[in-house]
Amino acid sequence: MSSKPSIPKGTRDFLPEVMVKRNYIFSTIRTVFEKYGFLPIETPSMENLSTLTGKYGEEGDQLLFKILNSRIHESNKKDQLRSEFELSLEKSRNSEILTEKALRYDLTVPFARFVVQNQNELSFPFKRYQIQPVWRADKPQKGRYREFFQCDVDVVGSDSLIHEIELVLIIDEVLSKLGLTDVTIKLNNLKILSGIAEVCGEKEKLVAITVAIDKLDKIGIDGVIKELREKGVSENAIQKMDPLFALNGSNEEKLRSLSTFLELSETGLKGIEELSYVLENVNKIGVGKANIEFDVTLARGLNYYTGAIFEVKANNVQMGSITGGGRYDDLTGLFGLKGMSGVGISFGADRIYDVMNELNLFPDSVLASTKVLFINFGEAEQFYSMKIASDFRKKGIACEVYPSSVKMAKQMKYANDKKVPFVVMIGSKEMDSGLITFKDMNSGEQFSGKPEDLISRIK
RNA sequence: GUGGUUGUAGCUCAGUUGGUUAGAGCAUCAGAUUGUGGUUCUGAGGGUCGUCGGUUCGAACCCGAUCUUCCACCCCA
């Protein structure tokens, strides 16, 4: 029996009205990326499972969309398939006989794979951008989809902090171009977090510690301490961490008190130095309205970051981070290419869309693709209009001729609904005089003149 | 994955202890206005009440399952 067709949970169809707005976001981002010298690449939707597993931590592995191997019903190893499947029911495991491919989880790890694989074609430092969908087998919520677009910029083969500085400038420029001015760019450095763990004498508990203090905002000091205890962090270490929770003041003040805290950790001090350098120089160059904040509690779970960590939050909107990233010193090392430091960020296009939609930040002009609509008064008038429309298009003006000579109110309404700014009327009067009548739909004013008069008005 | 929540017209939502033909606003379409939209007036169309099953003389309403939405945890764009 036929039931309504549907699409998988967490995926969406995009109607034209939505697509125009999405494309506005993509093209804004792309334009900025290119202005900073980044070049586009694409990689396949699916990667070998072995490329992805183990790169995102245990949680990440669970969120991979694995692809079942094709034609297993034709296999002559059915016993092996059965026993592997039985084992998979008991615990998470990857068995190549069952699944050897997965949809990509992000764009960074496939990029590292790409760099290693194509290293002889690339010249370093290599700056690339990549705008493609990624997939996560997460439980969907608001702002959390199973298929969504990431817009990544990364540079590999350079450990210069100039890139960290430029990434902050890129974030600022993209978001202010989109009208997202009330945002906070949070910065931290993994070396600072390592230093903290070191000073507390719990170096090997780094992940547990960072994950716990990341939740400070949410669960408070007591909650963090409780979680630290549960994770087996010693009382002594927890006590030592106390000053961290009291950090406040300007970025400089926070860094100063932290450098005292970290004075015995070479790594920690290096982190402070890097972060100070980035903050100082970003300030010198200057950004728009974005707040830039050093946040010690900012810890991203990804276990490949080694230096700078970035995260961007839109203020006054209930939405997770809209951009995130960091520096990874040895991601290509996992694929056999040592000594290639990389750093990059990723804009979450779908979340940016949701935030912009909620705050009504899409300009009307985004929706107005057609600049001129020619009213259709009949066949002779229609072809006369089409000739002029053709001239307009040669001048780069998007226009259309209404397809049939239905009553004018309907044609006007079409222009109005589509937010077309100018309507041209050519009836027998205009055909005789060689002039055209055109109306400015915003002001309601109507003029008579040559086609060039309208063109100059539009430009 | 665990726990909870939601679903009624294209959209936002009413719908009484279970009781004739399920309503409103907005949107759509038609007319008032045969060369003038966005304002106004009149009218019309549009629903298997998420889906499947159960209880009942009778279900939008009660029960079960399933899907979906949103929320918390986990994690994250």
Side-chain angles (χ1 to χ4, degrees), chain A residues 1-12 15 17 25 29 56-64 91-92 105-108 131-152 171 207 210-212 214-215 218-219 223 227 298-303 310-314 318-325 344-355 364 373 375-378 381 402 405-430 437-446 448:
Chain A
M1 278 311 173
S2 80
S3 58
K4 259 190 193 168
S6 64
I7 53 177
K9 182 163 39 173
T11 66
R12 295 146 303 151
L15 275 59
E17 191 191 324
I25 294 175
I29 290 176
Y56 309 105
E58 261 177 64
E59 285 296 330
D61 283 356
Q62 307 300 324
L63 296 178
L64 290 173
K91 58 175 188 177
S92 172
Y105 174 93
D106 72 356
L107 300 177
T108 310
I131 299 178
Q132 288 191 277
V134 302
W135 294 268
R136 293 184 190 178
D138 215 340
K139 198 159 175 173
Q141 280 180 35
K142 189 183 180 185
R144 176 176 290 200
Y145 305 101
R146 286 183 154 176
E147 177 183 59
F148 60 96
F149 273 73
Q150 290 195 325
C151 313
D152 274 40
I171 293 172
V207 173
T210 52
V211 167
D214 181 46
K215 294 178 192 161
K218 218 171 183 176
I219 60 179
E227 178 156 339
L298 171 61
R300 323 204 71 254
L302 296 180
N303 41 11
F310 306 92
E311 182 171 289
V312 183
K313 269 281 293 149
Q318 188 135 13
M319 179 63 69
S321 60
I322 54 176
T323 296
I345 50 168
S346 178
F347 290 85
D350 304 77
R351 284 187 176 176
I352 289 175
Y353 176 95
D354 288 345
V355 170
D364 274 356
L373 176 78
I375 298 290
N376 189 326
F377 287 112
E381 293 89 341
Y402 198 87
S405 57
V406 294
K407 69 175 191 173
M408 194 168 166
K410 192 175 165 68
Q411 302 191 41
M412 293 297 285
K413 187 164 153 35
Y414 175 82
N416 193 60
D417 290 348
K418 215 169 164 179
K419 298 191 162 59
V420 178
F422 290 96
V423 165
V424 171
M425 282 156 275
I426 300 172
S428 48
K429 271 187 302 189
E430 286 82 1
T437 300
F438 58 92
K439 179 167 181 170
D440 180 330
M441 292 296 276
N442 292 316
S443 66
E445 287 176 292
Q446 199 158 307
S448 179

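Residue numbers start from 1 in every chain, and the chains themselves are labelled A, B, ... in the order their sequence lines are given, proteins ahead of strands.
Counting distance only, with no hydrogens placed and no angle test, the side-chain atoms of Asn416(A) and the base atoms of rG37(B) include a donor-acceptor pair under 3.5 Å.
Although no hydrogens or angles enter the test, the distance criterion places no donor-acceptor pair under 3.5 Å between the side chain of Arg136(A) and the main chain of Phe148(A). In terms of modelled atom types and a separation under 3.5 Å, the side chain of Arg351(A) and the main chain of Ile322(A) share no donor-acceptor contact.
Residues satisfying the side chain to side chain donor-acceptor pair (under 3.5 Å) criterion with Asp214(A), sequence neighbours excluded, are absent altogether. Qualifying side chain to side chain donor-acceptor pair (under 3.5 Å) partners for Glu381(A), counting only residues two or more places apart in sequence or in other chains: none. For Asp440(A), there are no salt bridge (Lys or Arg N to Asp or Glu O under 4.0 Å) partners at least two apart in sequence or on another chain. Legend: residues meeting side chain to side chain donor-acceptor pair (under 3.5 Å) with Glu445(A), ordered by chain and number and at least two apart, are Ser443(A). Evaluation of the side chain to side chain donor-acceptor pair (under 3.5 Å) rule for Gln150(A) yields no partner, not counting sequence neighbours. Not a single ring pair (Phe, Tyr, Trp, His ring centres under 6.0 Å) links Phe310(A) to another residue, sequence neighbours left out.
Remark: the separation of the C1' atoms in rU5(B) and rU48(B) is 26 Å, to the nearest Å. rC41(B) and rA59(B) have their C1' atoms separated by 41 Å, given to the nearest Å. Separation of the P atoms belonging to rA44(B) and rA24(B) is 11 Å when rounded to the nearest angstrom. Remark: the separation of the P atoms in rC11(B) and rC76(B) is 35 Å, to the nearest Å. Annotation: rA30(B) and rC71(B) have their C1' atoms spaced 45 Å apart (nearest Å). Using atom C1' as the reference point in both rA14(B) and rC73(B), the two lie 35 Å apart (nearest Å). To the nearest whole angstrom, the two P atoms, one in rG50(B) and one in rU34(B), are 44 Å apart.
Look at Lys215(A) and you won't find any side-chain N or O under 4.0 angstrom from OP1 or OP2 of rC73(B). The side chain of Lys418(A) places no N or O atom within less than 4.0 Å of a non-bridging phosphate oxygen (OP1 or OP2) of rG37(B).
For the pair Ser443(A) and Phe347(A), nearest-nucleotide mapping onto RNA chain B gives the more 5' position to Ser443(A). Two residues, Gln318(A) and Phe148(A), neighbour RNA chain B, and the one matched to the more 5' nucleotide by heavy-atom proximity is Gln318(A).
As a whole-Å value, the separation of Phe422(A) CZ from rG38(B) C1' is 16 Å. At whole-Å resolution of the value, CG in Leu107(A) and P in rC76(B) are 16 Å apart. Between Asp138(A) atom CG and rU2(B) atom P the separation is 14 Å, expressed in whole Å. Atom CG in Asp350(A) sits roughly 13 Å away from atom C1' in rC76(B) (whole-Å rounding). In this structure, CH2 of Trp135(A) is placed 17 Å from C1' of rC76(B), rounded to the nearest angstrom. Counting to the nearest Å, the C1' atom of rC73(B) and the CD atom of Gln62(A) are 16 Å from each other. In this entry the distance linking CG of Leu373(A) with C1' of rG38(B) reads 15 Å, nearest Å. rC76(B) atom P lies 9 Å from atom CG of Leu63(A), rounded to whole Å.
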Below 3.5 Å between N/O atoms, which protein atoms pair up with nucleotides 43-46 of chain B? Just atom names and distances, please.
none

Pairs under 3.5 angstrom, nitrogen or oxygen only, protein versus nucleotides 65-70 of chain B, please.
unit_1	atom_1	unit_2	atom_2	d
rU68(B)	OP2	Lys9(A)	NZ	3.2

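Side-chain polar atoms of Glu430(A) and Thr437(A) form a donor-acceptor pair below 3.5 angstrom.
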In a table with atom names and distances, give each donor-acceptor pair under 3.5 Å that connects a side chain of residues 405-412 of chain A to protein atoms at least two apart or in another chain.
unit_1	atom_1	unit_2	atom_2	d
Gln411(A)	OE1	Asn376(A)	N	2.7
Gln411(A)	NE2	Asn376(A)	O	2.9
Gln411(A)	NE2	Val406(A)	O	2.7

Atom pairs and distances, donor-acceptor, side-chain atoms in residues 418-428 of chain A, under 3.5 Å, two or more places apart:
unit_1	atom_1	unit_2	atom_2	d
Lys418(A)	NZ	Glu400(A)	OE2	2.8
Lys418(A)	NZ	Tyr414(A)	OH	3.1

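Taking all atoms of both residues into account, the shortest heavy-atom contact from Cys151(A) to Ala349(A) is SG-CB, 4.0 Å.
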Are Trp135(A) and Arg146(A) close enough, and set up right, to give a side chain to side chain contact (heavy atoms under 4.5 Å, CB included), and what steps lead you there? CA-CA 5 Å; Trp135(A) 294 268; Arg146(A) 286 183 154 176; 5.9 Å; no
Pair Asp350(A), Phe149(A) - check side chain to side chain contact (heavy atoms under 4.5 Å, CB included), show working. CA-CA 6 Å; Asp350(A) 304 77; Phe149(A) 273 73; 3.8 Å; yes
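Residue Asn442(A) is in base contact, counting any heavy-atom pair closer than 4.0 Å across all strands shown. Within the 4.0 angstrom heavy-atom criterion, no nucleotide atom of any strand lies near Gly60(A).
Among Asp106(A), Asp152(A), Thr108(A), the one residue that satisfies the side chain to side chain donor-acceptor pair (under 3.5 Å) test with Ser346(A) is Asp152(A).
Stretches of at least 3 consecutive Watson-Crick or G-U wobble pairs, with each checked distance under 3.5 Å, appear in RNA chain B as B:1-4 with B:70-73, B:10-13 with B:23-26, B:28-32 with B:40-44, B:50-54 with B:62-66.
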Please encode protein proximity along nucleotides 28-36 of chain B as a string of B, S and -, counting only heavy-atom distances under 4.0 Å. SSSS---BB
